[in-house]
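Note sheet for the following structure.
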Amino acid sequence: MEKLKIIKETEVMEMNSTVEKLYTELRLTQIELATTLRVKRDSKINKYIEEELKDVEETMQKLESGNFGMCEMSGELLPFDLLEMIPTIRTKSDINSIQSYYRKSIH
């Protein structure tokens, strides 16, 4: 029983460490996007940069509130390994869309 408790505590510590790393990375991305918007005021891609900045900020709020990793539609947990790669994923539908890009061909 004690061994199981130690394993569980280790898993929680590892997850907390990963969440801290994600938050730090998102914070750096937030700064970079905001800086880009200030420097390139008349750029045609600003709309996309603003949308990405919004996604990053919403993800940071989810991390702060403890709602990170849940599908916004169903409330189900999203795969953590995928969230580590793309932390701004919001729904299972987003995952299905992304998966279509990296499926191997039949040939």
Side-chain angles (χ1 to χ4, degrees):
M1 190 68 157
E2 185 65 30
K3 187 175 182 180
L4 183 60
K5 182 179 176 184
I6 292 171
I7 290 171
K8 197 69 158 166
E9 288 174 0
T10 303
E11 288 174 358
V12 168
M13 288 179 6
E14 288 175 3
M15 190 153 169
N16 287 341
S17 174
T18 302
V19 167
E20 285 179 36
K21 288 177 189 175
L22 281 174
Y23 190 87
T24 300
E25 187 175 325
L26 287 166
R27 178 72 179 124
L28 293 172
T29 302
Q30 178 190 35
I31 292 167
E32 182 180 341
L33 291 170
T35 302
T36 301
L37 284 173
R38 280 193 303 273
V39 172
K40 298 183 178 187
R41 292 187 181 152
D42 297 327
S43 176
K44 292 180 182 182
I45 64 166
N46 277 359
K47 178 179 106 176
Y48 302 105
I49 296 171
E50 289 168 355
E51 289 175 11
E52 186 64 24
L53 180 58
K54 182 181 172 193
D55 286 345
V56 167
E57 290 172 344
E58 287 176 359
T59 301
M60 290 171 66
Q61 288 176 347
K62 287 179 185 179
L63 282 164
E64 292 168 359
S65 68
N67 293 325
F68 177 73
M70 293 190 303
C71 175
E72 291 181 0
M73 302 288 281
S74 68
E76 296 177 63
L77 291 177
L78 301 172
F80 195 74
D81 57 333
L82 192 54
L83 286 166
E84 285 182 290
M85 291 185 286
I86 310 168
T88 55
I89 291 176
R90 296 173 175 219
T91 65
K92 288 198 169 229
S93 176
D94 292 343
I95 292 172
N96 294 336
S97 296
I98 291 168
Q99 286 177 338
S100 68
Y101 289 105
Y102 66 84
R103 288 191 180 141
K104 292 183 180 180
S105 66
I106 297 174
H107 305 253

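Cluster membership check: Ile89 shares its hydrophobic cluster with Met85, using side-chain heavy-atom separations under 4.5 Å among Ile, Leu, Val, Met, Phe, Trp and Tyr.
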Distance-only criterion, 3.5 Å: show the donor-acceptor pairs between side-chain atoms of residues 25-34 and protein atoms not counting sequence neighbours.
| residue | atom | partner | partner atom | Å |
| --- | --- | --- | --- | --- |
| Arg27 | NH1 | Gln30 | OE1 | 2.5 |
| Thr29 | OG1 | Glu25 | O | 2.9 |
| Gln30 | NE2 | Glu57 | OE2 | 3.0 |

Output side-chain donor-acceptor pairs under 3.5 Å for residues 61-80, partner residues at least two apart or in another chain, one line each.
| residue | atom | partner | partner atom | Å |
| --- | --- | --- | --- | --- |
| Lys62 | NZ | Glu72 | OE2 | 2.5 |
| Glu64 | OE2 | Tyr23 | OH | 2.5 |
| Ser65 | OG | Gln61 | O | 3.1 |
| Ser65 | OG | Lys62 | O | 3.3 |
| Ser65 | OG | Asn67 | ND2 | 3.1 |
| Ser74 | OG | Glu76 | N | 3.2 |
| Ser74 | OG | Glu76 | OE2 | 3.2 |
| Glu76 | OE1 | Lys92 | NZ | 3.4 |

Please list every donor-acceptor pair under 3.5 Å in which a side-chain atom of residues 45-55 meets a protein atom from a residue at least two apart or in another chain.
| residue | atom | partner | partner atom | Å |
| --- | --- | --- | --- | --- |
| Asn46 | ND2 | Lys40 | O | 2.8 |
| Asn46 | ND2 | Arg41 | O | 3.0 |
| Asp55 | OD1 | Arg90 | NH2 | 2.8 |

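Nearest heavy-atom pair across Leu22 and Glu84 is CD2-O, 3.8 Å.
Counting heavy atoms from C-beta outward, Thr35 and Arg38 have side chains that approach closer than 4.5 Å.
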